[in-house]
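For reference, the structure is listed below as structure tokens.
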Amino acid sequence: MADAVAEWRPPWQRDDGPAPARSDTPADEPADESDEYAEAVAAVPAQTDTGPEAEPEPEGEDRPVPVPEDVDLGAVLEAILMIAEEPLSEQFLASVLERPLSQVRETLGRLSAEYTGDGRGFDLRRQAGGWRFYTRADYARYVERFVTDGASARLTKAALETLAVVAYRQPVTRGRISAIRGVNCDGVMRTLTARGMVEECGSDPDSTATLYRTTTLFLEKLGLDSVAQLPELAPFLPDDMTDIEEDEQS
């Protein structure tokens with residue numbers, strides 16, 4: 001026993017030949033057999049560090065289509081303005097059609113001149129900050145007869161007075177309008193709002209009362225481009241402004 005212990009050496013110092021193969025150890029794969037994982041990895045193209053990945057360009061109908069140069073820009077503008085429910089600005093039309101702003105502006109002016117020169121029943125005018133088709137003023141009475149069918153579409157005197165106060169004092173509250181006119185204007189304001197002549201535009205920071213202003217329809221009816229074109233009010237004011245100034249200070 002002592003001799004066996006003295007002759008013992010660790011396995012790495014022994015020269016007993018290769019260790020016998022274990023029955024539960026799988027045999028090595030043949031050298032000529034292909035490695036599917038390696039082939040799959042090799043099939044993936046190498047990626048280079050080129051910064052953020054670019055988004056794919058939209059295909060088909062999702063891509064914006066500018067108006068080609070061989071398409072009549074005037075005809076395109078006519079088609080759009082024919083269904084417009086409110087005046088469209090030159091900047092908006094140029095953006096939608098992807099055409100230079102100067103070209104769109106020149107085409108609109110040319111179309112307007114052509115309609116006037118040909119004596120058409122409709123007109124293309126720039127009002128309320130944009131362009132839109134309108135019936136020509138020479139035939140307004142016939143159009144009014146067709147639309148109203150004989151019914152009066154005029155605003156009452158009270159409505160016109162209230163509308164004037166809103167136009168020149170906007171944004172203004174209903175209480176302020178009633179104080180200026182000297183009568184309650186709640187009913188008239190509801191009528192003007194229903195007719196689309198005035199609209200809400202926030203609240204007064206002091207009283208939290210609703211503020212009102214005129215609408216785009218108001219500008220269209222008066223043939224104005226903005227409220228800055230309203231006539232000066234001074235010629236229509238009384239000479240004695242003492243009462244009005246006191247009312248302003250209160």
Side-chain angles (χ1 to χ4, degrees), residues 80-93 96 122-137 139-238 241 243-250:
I80 294 176
L81 292 172
M82 190 65 67
I83 62 171
E85 297 182 355
E86 60 183 13
L88 302 180
S89 67
E90 300 161 355
Q91 291 80 1
F92 173 77
L93 291 170
V96 169
F122 58 89
D123 186 18
L124 179 61
R125 299 198 302 269
R126 189 183 192 284
Q127 289 184 187
W131 292 80
R132 188 182 179 186
F133 282 115
Y134 299 90
T135 55
R136 199 166 295 279
Y139 312 109
R141 61 181 182 274
Y142 306 112
V143 177
E144 182 179 0
R145 185 184 306 172
F146 167 75
V147 173
T148 62
D149 193 21
S152 175
R154 296 179 179 275
L155 292 174
T156 63
K157 181 180 179 182
L160 290 174
E161 291 177 355
T162 304
L163 186 58
V165 174
V166 177
Y168 282 96
R169 299 300 302 272
Q170 60 183 316
V172 62
T173 64
R174 285 188 298 180
R176 187 61 179 160
I177 298 171
S178 299
I180 293 175
R181 293 195 59 232
V183 294
N184 185 284
C185 65
D186 290 351
V188 178
M189 286 297 294
R190 285 194 294 269
T191 299
L192 292 174
T193 303
R195 297 283 290 270
M197 304 298 285
V198 300
E199 63 183 0
E200 297 181 3
C201 62
S203 58
D204 184 76
D206 297 327
S207 63
T208 69
T210 302
L211 294 171
Y212 292 87
R213 66 184 178 189
T214 54
T215 63
T216 301
L217 179 61
F218 167 79
L219 296 175
E220 291 186 60
K221 294 296 184 181
L222 269 66
L224 304 175
D225 194 36
S226 68
V227 293
Q229 296 180 349
L230 287 169
E232 292 291 336
L233 192 59
F236 303 97
L237 295 176
M241 296 292 296
D243 296 338
I244 298 179
E245 291 177 354
E246 292 178 353
D247 182 63
E248 288 288 338
Q249 295 174 358
S250 63

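Worth saying up front: this structure is predicted, and the values here are computed from it rather than measured.
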Answer whether the closest heavy-atom distance between the side chains of Val198 and Gln170 falls below 4.5 Å.
no

With sequence neighbours left out, which residue pairs that include part of residues 159-168 fulfil the salt bridge (charged side-chain N to carboxylate O under 4.0 Å, His left out) condition?
Glu161-Arg181

If you round to the nearest 0.5 Å, how far is CZ of Arg195 from CG of Leu155?
4.5 Å

Can you pull the salt bridge (charged side-chain N to carboxylate O under 4.0 Å, His left out) pairs that have at least one residue in residues 210-225, sequence neighbours excluded?
Arg126-Asp225, Arg132-Glu220, Glu199-Arg213

Tell me the closest heavy-atom pair linking Ala209 and Thr173, and the distance in Å.
CB-CG2, 3.9 Å

Does any part of the side chain of Tyr212, heavy atoms only, come nearer than 4.5 Å to the side chain of Thr193, both counted from C-beta?
yes

Interatomic spacing from CE in Met82 to CG in Leu124 - rounded to 0.5 Å:
9.5 Å

Would you compute the distance between atom CG of Leu217 and atom CE of Met197 and round it to the nearest 0.5 angstrom?
5.5 Å

Can you list the steps and then say if Asp186 with Arg174 is a side-chain contact (heavy atoms from CB on, under 4.5 Å)?
CA-CA 7 Å; Asp186 290 351; Arg174 285 188 298 180; 3.9 Å; yes

Of the non-hydrogen atoms in Ser178 and Cys185, which two are nearest, and what is the gap between them?
OG-SG, 3.0 Å

Mind checking the CG-CG spacing from Leu230 to Leu219? Nearest 0.5 Å is all I need.
7.5 Å

Distance-minimising heavy-atom pair for Thr216 and Pro87
CG2-CD, 4.1 Å

Shortest non-hydrogen separation from Asp204 to Leu211 and the atoms involved
N-CG, 3.7 Å

Are any side-chain N or O atoms of Glu200 and backbone N or O atoms of Thr210, one a donor and one an acceptor, separated by less than 3.5 Å?
no

Enter the distance from Leu163:CG to Leu222:CG here, rounded to the nearest 0.5 Å.
7.5 Å

Should the heavy atoms of other residues, nucleotides or ligands under 6.0 Å from OH of Tyr134 be counted, would the total exceed 12?
yes

With Phe133, which residues qualify under ring pair (Phe, Tyr, Trp, His ring centres under 6.0 Å), at least two apart?
Tyr115, Phe122

If I take atom CZ from residue Arg136 and atom CG from residue Asp123, how far apart are they, to the nearest 0.5 angstrom?
4.0 Å

For atom CD of Gln91, is the number of surrounding heavy atoms from other residues, nucleotides or ligands below 6.0 Å larger than 12?
yes

